[in-house]
Q: 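Dropping a structure here in structure tokens format, bear with me for questions.
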Amino acid sequence: MSKRVQGFSKMTKEAKIEWLTNNYFNNPDEARQTLQKYWHNDPKTQQLHDEFIENTLTNYFLPFGVAPNFKINDKVYAMPMAIEESSVVAAAAKAASFWYDRGGFKSEVVSTKKVGHVHFAYYGDYNKLWEFFNSVKDRFYADTAEITKNMRKRGGGIVDLMLINKTFEEPNYYQIKATFETVDSMGANFINTCLEQFANTLQEAVSESDIFTEKEKDIQIIMCILSNYTPECLVRSEVSCPVEFLETDGVSAEEFVEKFERAVHVARIEPYRATTHNKGIMNGIDAVVIATGNDFRAIEAACHTYASRSGQYRSLTDCSVEDGMFKFWIEVPMALGTVGGLTNLHPVVKLAHELLDNPSAKELMGIVAASGLAQNFGALRALVTTGIQQGHMKMHLLNILNKLEATNEEKEEMKKFFKDKVPHYNMIVNKFCEMRGVSSVEELKK
Ligand code: MEV
């Protein structure tokens, strides 16, 4: 049977499922039932989800949890987190409680500007173009006035426009670099719409001018697109306390701080470790970004570019000890929106915003940064004291038991048994088999 399909997007959902299950599954009925089991029983809610993307077949569930006791700028939040990794919410809640008693998180927005480019090719004299561009700059603002009207009312708009000569890297390559303030919206559509108008304005203004030759007038627009690198949309979050308040998990405060500092330094100088260190930070950041309906791929991309800004990939967090005070902080680009996109559309996203007291984009930047910092603190604290597996396997235990189809009573018994142990996969399976009175996993299935 051919797996090439024409006009798939135009089929009904039922027809898509029929075609897919018949073509790709050994047991089409079972596959169909799985897809249908996750449909929402309210047709209107399901339709909303169907219309988020093309070719929706069903819904993909992620757990939505909260990490309570996050004190950020003296306000207490229950942090909404959407994530599949067992130990992330538990670690966030533990770190939040730890810092609640030590002053909480202090978050500060450093800047909120975003950038986009018209990338174009121009075959002529740079100085001529530069002078011309500056002489007609007002026209770029005027031609986008209708697009920027509402944004300007809200205090945002186009902040700056520059012509950039990139010909030393790529022949005949130039950019209009535009800087924007998008207030509470992430602003991607706004920025891209402005950029496409800038491209039209550039081509029109140049073609109407009599200072350019025919060759120079033939400006080729390569593309118009915002940049997800937002080093000028930056937030910082910090925790601090006297070193002596840091005694933890049976390790003295001094020993803990020394090991912790070392761990952060390793992530600063060693890209292999920095990647895992930052991955842990993104556990905290992405979970809140997803829960609040923002674009986690954009945040990921910006954070990793920012982590490489020195020319080497490094840790996004840093720490210091001065005059007996321990300070631990994160500085990350964070282009978020609290209006537009999914934020006013997805019922659970709306709920997450309400849970956070409907924050402004700036407030949300500070909340998300604190979540990343907390997650990193939790990971480093575990790594330099008990090791990571204790907390991780405690949470992962349930996944393994679910795979083994344990009953609720069996789960309780197993949790009790492993309470003070650091189990690994085989230990769990062996203990479970022993409990069931069988000698192997194969026997469990009989
Ligand atoms: C696991 O998802 C994240 C950690 O590996 C982060 C780290 O090592 O810092 C625990």
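Note that ligands are numbered from 1 as they come in the structure, with each ligand's atoms numbered from 1 the same way. Keep in mind that the numbers below use all heavy atoms, side chains included, and drop hydrogens, waters and symmetry copies.
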Q: Would you confirm whether the ring centroid of Phe260 sits within less than 6.0 angstrom of the ring centroid of Phe377?
A: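 Yes, the ring of Phe377 comes within the 6.0 Å limit of the ring of Phe260, centre to centre.
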Q: Do Lys13 and Trp39 have side chains that approach each other closer than 4.5 Å (heavy atoms only, starting at C-beta)?
A: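 Yes. Closest side-chain heavy atoms under 4.5 Å.
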Q: One line per pair, note the atom names and distance for all nitrogen or oxygen contacts under 3.5 Å between ligand 1 and the protein.
A:
unit_1: ligand 1; atom_1: 2 (O); unit_2: Glu85; atom_2: OE1; d: 3.2
unit_1: ligand 1; atom_1: 2 (O); unit_2: Glu85; atom_2: OE2; d: 2.6
unit_1: ligand 1; atom_1: 2 (O); unit_2: Lys279; atom_2: NZ; d: 2.6
unit_1: ligand 1; atom_1: 2 (O); unit_2: Asn283; atom_2: ND2; d: 2.9
unit_1: ligand 1; atom_1: 8 (O); unit_2: Arg273; atom_2: NH1; d: 2.9
unit_1: ligand 1; atom_1: 8 (O); unit_2: Arg273; atom_2: NH2; d: 3.4
unit_1: ligand 1; atom_1: 9 (O); unit_2: Arg273; atom_2: NH2; d: 2.7

Q: Does the distance from a Lys or Arg side-chain N to an Asp or Glu carboxylate O, for Lys416 and Glu413, drop under 4.0 Å?
A: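 No, no charged N to carboxylate O under 4.0 Å.
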Q: Using the ring of Tyr24 (Phe, Tyr or Trp, six-membered ring only), decide whether Lys3 places NZ or CZ under 6.0 Å from its centre and within 45 degrees of its axis.
A: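 Flagged: Lys3 positioned over aromatic ring of Tyr24.
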Q: Where does the angle between the aromatic ring planes of Phe190 and Phe180 fall among parallel (under 30°), tilted (30 to 60°) and perpendicular (over 60°)?
A: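 The arrangement is perpendicular - the two ring planes meet at more than 60°.
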Q: With Lys431 as the cation and Phe418 as the aromatic partner, state whether NZ or CZ is under 6.0 Å from the six-membered ring centre and within 45° of the axis.
A: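 No - Lys431 does not lie over the ring of Phe418 by the 6.0 Å and 45° rule.
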